Amino acid sequence: MSNVPVAVVTGSNKGIGLAIVRALCKQFPGDVYLTSRDPGRGQAAVAQLQQEGLRALFHQLDVDDLQSIRALRDFLKEKYGGLNVLVNNAGIAFKVNDTTPFAIQAEVTLKTNFFGTRNVCIELLPLMKPYGRVVNVSSMVSSSALRRCSQELQQKFRSDAITEEELVQLMNKFVEDTKKNIHEKEGWPNTAYGVSKIGVTVLSRIQARLLNEQRKGDHILLNACCPGWVRTDMAGPQATKSPEEGAETPVYLALLPSSADAPHGEFVSDKTVRPW
Ligand code: NAP
């Protein structure tokens, strides 16, 4: 078994994820795994970094596929005995002009952004080593979507006592409500991406609380963040930040020094803790 520190970035064959891997290759003292659901796209990205003189390793990971997540888990356990840095970056968004029925958009978006991210956490958080760092890439859109929820929903999502099970029930309810076209009547905003990212931010707050309760002595720091508005296939060419600039806050959170005890359980953008 290798004692080398190890970092994993999900959805990192392009966009912000690739920029995070690039920065970690330069700054993280250990092995950095670029992961992709498609091995061809992943290997091509690794080759691109190699051309830049950077050494990333590759492992397949489709966050929608439990078998794929468990294969990565078993690999990390066997080869490294755990994990030091996990960046949950993989995500999807339908384009604004996409004509796919809203209920389908809701189901598909929640599946990857919330349930996929959660499944990765279920399998990989138990592997986090002491002083491990976990970064869940959410979005400012989670805050704006939260403000557009009913008061009752806002109260639930801001609660310091909400459980993971309650959050999962609420995310499932959103999808069910969109199928019956009653989601707005039930207090949801009309944005599947926004609700999926509310899920990611609230999940992060719950996970940080559980780490405090169950693994306080391990000094693991876990946060949600927004990369900003970044020029990628998701956001398009008009966005204000380059992928490298978008990677700055996630990388800052991934590399918080071992002396740090904060931020933890926060929502962070531009390296600044934001109110939730
Ligand atoms: P992107 O260029 O579209 O990249 C998304 C990445 O996620 C791709 O590598 C994609 O792989 C991967 N992915 C999608 N579904 C996956 C799955 N089931 N399993 C594994 N990987 C999967 O988007 P981006 O702008 O870099 O976004 C990265 C993260 O930042 C997302 O979570 C996004 O919501 C968030 N974010 C972006 C912005 C922005 O302005 N760009 C703003 C706020 C938050 P494929 O190539 O195989 O599709």
Side-chain angles (χ1 to χ4, degrees), residues 8-23 33-46 48-49 56 58-72 86-96 98 105 107-121 123-124 134-146 191-201 203-204 223-251 253-254 267-270 274:
V8 168
V9 183
T10 73
S12 48
N13 53 284
K14 67 177 186 178
I16 298 164
L18 176 57
I20 294 171
V21 167
R22 180 180 283 115
Y33 279 84
L34 184 156
T35 67
S36 171
R37 54 182 162 181
D38 181 88
R41 287 198 287 275
Q43 297 286 9
V46 168
Q48 185 189 328
L49 291 176
F58 175 73
H59 203 284
Q60 195 274 344
L61 177 65
D62 181 343
V63 306
D64 291 344
D65 177 359
L66 258 184
Q67 274 192 20
S68 165
I69 298 172
R70 288 178 177 156
L72 175 62
L86 171 62
V87 182
N88 283 302
N89 164 82
I92 58 158
F94 284 82
K95 302 287 179 215
V96 254
D98 194 299
Q105 294 199 16
E107 182 157 39
V108 170
T109 307
L110 274 273
K111 182 180 170 169
T112 298
N113 294 6
F114 177 73
F115 292 102
T117 300
R118 174 171 181 257
N119 283 337
V120 171
C121 289
E123 300 299 339
L124 297 191
V134 183
V135 185
N136 295 332
V137 179
S138 182
S139 171
M140 278 299 194
V141 173
S142 70
S143 308
S144 53
L146 176 69
T191 159
Y193 180 78
V195 171
S196 77
K197 293 299 191 180
I198 290 177
V200 173
T201 303
L203 181 67
S204 308
N223 291 284
C225 71
C226 177
W229 191 31
V230 185
R231 290 186 295 276
T232 63
D233 288 346
M234 182 182 288
Q238 303 302 325
T240 46
K241 285 187 181 181
S242 67
E244 278 58 46
E245 290 166 331
E248 277 177 25
T249 291
V251 169
L253 292 171
F267 178 63
V268 180
S269 73
D270 287 327
R274 306 293 175 184

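The structure displayed is predicted, hence computed values, not measured ones. We count ligands from 1, going down the list as the structure has it; atoms in each ligand are counted the same way.
Among D62, V108, T232, N113, the residue whose heavy atom sits closest to atom 17 (C) of ligand 1 is D62. Proximity annotation for atom 22 (C) of ligand 1: of A90, G42, G116, S12, A90 comes nearest, heavy atoms only.
For M140, no heavy-atom contact with ligand 1 is shorter than 4.0 Å. If you look at I92 next to ligand 1, the close heavy atoms, those under 4.0 Å, all belong to the side chain. Only the side chain of P227 comes within contact range of ligand 1, with a heavy atom under 4.0 Å; no backbone atom does. Heavy atoms of L61 found under 4.0 angstrom from ligand 1 belong exclusively to the backbone.
Within the 4.0 Å heavy-atom cutoff, S36 does not count among the residues contacting ligand 1. At a 4.0 Å cut-off, at least one heavy atom of K197 sits close enough to ligand 1 to count as contact. The closest approach between a heavy atom of S68 and any atom of ligand 1 is not below 4.0 Å. Heavy-atom distances between N13 and ligand 1 reach below 4.0 Å in at least one pair. At least one heavy atom of N89 sits closer than 4.0 Å to an atom of ligand 1. Every heavy atom of P243 sits 4.0 Å or more from the atoms of ligand 1.
In summary, D38 and K14 do not engage in a salt bridge, as defined by a charged side-chain N under 4.0 Å from a carboxylate O.
Annotation: atom 5 (C) of ligand 1 to nearest protein heavy atom, G91 O, 3.6 Å. The protein heavy-atom contact nearest to atom 44 (C) of ligand 1 is S138 O, 3.2 Å. Atom 35 (C) of ligand 1 has its closest protein heavy atom at V137 CG1, 3.7 Å.
With contacts defined as side-chain heavy-atom distances shorter than 4.5 Å, the pair R22/E244 qualifies. K111 places none of its side-chain heavy atoms less than 4.5 Å from the side chain of I92. Side-chain atoms of T191 and S144, non-hydrogen and from C-beta on, never get closer than 4.5 Å to each other. Counting only heavy atoms from C-beta outward, the side chains of P227 and V137 approach each other to under 4.5 Å. Side chains of V135 and C225 form a contact here, defined as non-hydrogen atoms less than 4.5 Å apart.
Looking at ligand 1, you won't find any N or O of D38 less than 3.5 Å from one of its N or O atoms. Checked against a 3.5 angstrom limit, the closest N/O atoms of V230 and ligand 1 fall inside it. Considering backbone and side-chain N/O atoms, G11 comes within less than 3.5 Å of an N/O atom of ligand 1. Residue V63 has at least one nitrogen or oxygen atom sitting less than 3.5 Å from a nitrogen or oxygen atom of ligand 1, judged on distance alone. By the 3.5 Å distance cut-off applied to N or O atoms, R41 is counted among the residues near ligand 1. Checked by distance only, ligand 1 and Y193 come closer than 3.5 Å through their nitrogen or oxygen atoms. For the pair G15 and ligand 1, the shortest N or O to N or O distance does not fall below 3.5 Å.
A distance-only check finds a donor-acceptor pair linking the side chain of N89 to the backbone of T10 [under 3.5 Å]. Between the side chain of T35 and the backbone N or O of H59, no donor-acceptor pair lies under 3.5 Å. A donor-acceptor pair under 3.5 Å is absent between the side-chain atoms of R37 and the main chain of Q60, judged by distance alone. With hydrogens and angles disregarded, no donor-acceptor distance shorter than 3.5 Å links the side chain of K95 to the backbone of A235.
The side chain to side chain contact (heavy atoms under 4.5 Å, CB included) with S68 is formed by just one residue from the set L61, V120, V63; it is L61.
Within ligand 1, the atoms closer than 4.0 Å to a non-hydrogen atom of W229 are 40 (O), numbered from 1 in the order shown. Within ligand 1, counting atoms from 1 as listed, the ones closer than 4.0 Å to a heavy atom of G228 are 38 (C), 39 (C), 40 (O), 42 (C), 43 (C). Close contacts of ligand 1 with D64, meaning ligand atoms under 4.0 Å from a residue heavy atom, involve 18 (N). Each of the atoms 39 (C), 40 (O), 41 (N) of ligand 1 lies under 4.0 Å from some heavy atom of A235. Of all atoms in ligand 1, numbered sequentially from 1 with element shown, those under 4.0 Å from a heavy atom of D233 are 2 (O). Counting atoms of ligand 1 from 1 in the listed order, those under 4.0 Å from a heavy atom of T112 are 15 (N), 18 (N). Counting atoms of ligand 1 from 1 in the listed order, those under 4.0 Å from a heavy atom of S139 are 43 (C), 44 (C).
Heavy atoms only, all atoms of each residue included: E245 and T240 are closest at OE1-O, 4.1 Å. Closest non-hydrogen pair, Y193 versus A93, comes out as CD1-CB, 3.7 Å.
Every residue two or more places apart in sequence or in another chain was checked for a side chain to side chain donor-acceptor pair (under 3.5 Å) with E107, and none qualifies.
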